[in-house]
Protein chains: 2
Amino acid sequence: MKRNSRLSSILHILVHIAEKPEQALTSEQLATFVHTNPVVVRRTIAGLRDAGIVTSSRGHGGGWQLGRAPKDISLAEISAALGETLLPFSTEPESPGCLVEQAVIAVLDDFRIAAERLLAEKLSHITLADLTADFRRRYDLIGVSSHAV
Amino acid sequence: MKRNSRLSSILHILVHIAEKPEQALTSEQLATFVHTNPVVVRRTIAGLRDAGIVTSSRGHGGGWQLGRAPKDISLAEISAALGETLLPFSTEPESPGCLVEQAVIAVLDDFRIAAERLLAEKLSHITLADLTADFRRRYDLIGVSSHAV
DNA sequence: GTTTCATGTAACTTAATTAGTTACGATAAA
DNA sequence: TTTATCGTAACTAATTAAGTTACATGAAAC
């Protein structure tokens with residue numbers, strides 16, 4: 001899993017989980033989908049469990065399943081559960097007392113807050129169900145197995 | 001200069017330049033504002049020169065000045081000149097042939113394009129002049145020197 | 001109950017990225 | 001001619017995140 005592809009990878013994983021609702025998929029299986037290893041998957045996906053987006057079960061036959069229906073899981077929630085901002089520019093003061101910096105940070109923070117609200121609003125209208133629907137459209141068209149390579 | 005504070009640092013620098021329109025500020029002076037060193041400043045600011053946002057002059061008395069009036073320099077241009085996207089999540093395919101990944105990337109790319117347009121639009125309405133005005137408001141209120149620490 | 005198969009998580013290693021630094025050539029004013 | 005400045009290449013250091021190893025915990029299968 002490359003840097004900065006966490007959101008993409010997680011969605012990839014979630015759609016695969018959504019496509020096998022009757023069985024729990026193991027971290028190992030999920031790891032092969034995104035070319036990484038099981039521990040990284042568990043670590044990355046842990047936040048989603050805390051948010052109720054997925055559930056995990058231990059022991060024989062255990063693994064990962066969705067915590068609720070795909071249509072009730074929005075990309076906004078997923079993104080939030082990952083705990084990263086979509087706009088990762090820093091506005092930490094580095095020269096406390098510099099009025100120029102204070103002005104810059106004030107303007108930038110206003111922008112960030114407005115932008116984050118906007119992005120979250122857009123993401124809240126896209127659900128996992130939209131992704132699985134898009135996948136199935138492709139699948140019906142081409143008709144090959146759900147995962148090659 | 002910390003990671004992810006490039007935009008903020010550049011704006012800090014630009015406002016300082018804007019506040020001394022009659023003189024060129026050296027990389028060394030600018031570096032002290034953002035607690036870094038002259039070479040990093042030159043490197044970071046090089047893209048802005050290519051975009052005509054600042055000009056540089058060599059030799060004795062040389063340094064950096066604005067390429068045009070603050071009111072004609074928008075944050076959208078500055079951000080673009082830095083050559084970084086504001087939404088740095090990757091949508092590079094890692095499993096070509098996986099229809100699930102293709103669906104994820106398609107949806108994510110649509111979102112990214114729309115989001116970037118939106119953010120650029122918002123940033124195009126904020127200019128360096130807005131930042132200097134905000135600074136002056138603070139300055140008039142508190143009345144201390146433009147740069148402490 | 002013992003074995004097997006999973007997750008949970010801590011601790012460590014490796015890889016990638018970016019800032020910081022040194023060095024020196026080019027340029028322009030004093 | 002000296003001094004001050006940028007331009008840039010090459011290297012080093014710091015930081016971050018992914019990858020890995022190891023092992024404890026929990027649950028099903030036999």
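Keep in mind the model is a prediction, meaning the values are calculated, not measured. Quick note: numbers below take in every heavy atom, side chains included, and nothing from hydrogens, waters or symmetry partners. Every chain is numbered from 1, with letters handed out A, B, ... down the list of sequences.
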(request) Could you list the residues that satisfy salt bridge (Lys or Arg N to Asp or Glu O under 4.0 Å) with A/Arg112, not counting sequence neighbours? (result) A/Asp109
(request) Can you tell me the distance, in whole Å, between the CD atom of B/Glu84 and the C1' atom of C/dT18? (result) 11 Å
(request) Using modelled atom types only, decide if a donor and an acceptor are shared between the side chain of A/Gln65 and the backbone of A/Thr55 within a distance under 3.5 Å. (result) no
(message) Salt bridge or not between A/Asp140 and A/Arg136? Use side-chain N to carboxylate O under 4.0 Å.
(response) no
(request) With the side chain of A/Asn37 defined as its heavy atoms from C-beta on, choose the nearest nucleotide among D/dT20, C/dA19, C/dA23. (result) D/dT20
(message) For A/Arg68, give me all partners under salt bridge (Lys or Arg N to Asp or Glu O under 4.0 Å), at least two apart in sequence or on another chain.
(response) A/Glu77
(request) List in numerical order all residues of residues 44-65 of chain A for which some heavy atom is under 4.0 Å away from an atom belonging to DNA chain D. (result) A/Arg58, A/Gly59, A/His60
Every protein N/O within reach of nucleotides 14-16 of chain C N/O, cut-off under 3.5 Å:
none

(request) Provide, to the nearest angstrom, the distance between the CG atom belonging to B/Leu82 and the P atom belonging to C/dT18. (result) 13 Å
(message) Suppose we call a contact any N or O donor and acceptor under 3.5 Å apart; does that hold for the side chain of B/Arg43 and the base of C/dT21?
(response) yes
(message) Rounded to whole Å, how long is the line connecting atom CD of B/Gln23 with atom P of C/dA29?
(response) 17 Å
(request) Specify the separation, in whole Å, of atom CZ of B/Arg42 and atom P of C/dT27. (result) 15 Å
(request) Output yes when a side-chain donor or acceptor of B/Thr85 lies under 3.5 Å from a complementary backbone atom of B/Pro88, and no otherwise. (result) no
(message) Tell me the interatomic distance from B/Leu30, atom CG, to D/dT5, atom P, rounded to whole angstroms.
(response) 12 Å
(message) If I take atom CE in residue B/Met1 and atom C1' in nucleotide C/dT21, what distance separates them, rounded to the nearest angstrom?
(response) 14 Å
(message) If you only use heavy atoms from C-beta on, which nucleotide in C/dT9, D/dG19, D/dC6 is closest to the side chain of A/Thr36?
(response) D/dG19
(request) Mark yes or no for whether A/Ser124, through its side chain, and A/Glu121, through its backbone, hold a donor-acceptor pair below 3.5 Å. (result) yes
(request) Identify, with sequence neighbours excluded, every residue that meets salt bridge (Lys or Arg N to Asp or Glu O under 4.0 Å) alongside A/Glu28. (result) none
(message) What's the separation between atom CD1 in A/Ile53 and atom OG in A/Ser74, rounded to the nearest 0.5 Å?
(response) 7.5 Å
(message) From the set D/dC6, C/dT21, C/dT9, return the single nucleotide nearest to any side-chain atom of B/Ser27.
(response) D/dC6
(request) Under the salt bridge (Lys or Arg N to Asp or Glu O under 4.0 Å) rule, collect the residues that match up with A/Arg6, sequence neighbours excluded. (result) A/Glu84
(message) Distance check needed: D/dC6 P versus B/Glu28 CD, whole Å only.
(response) 8 Å
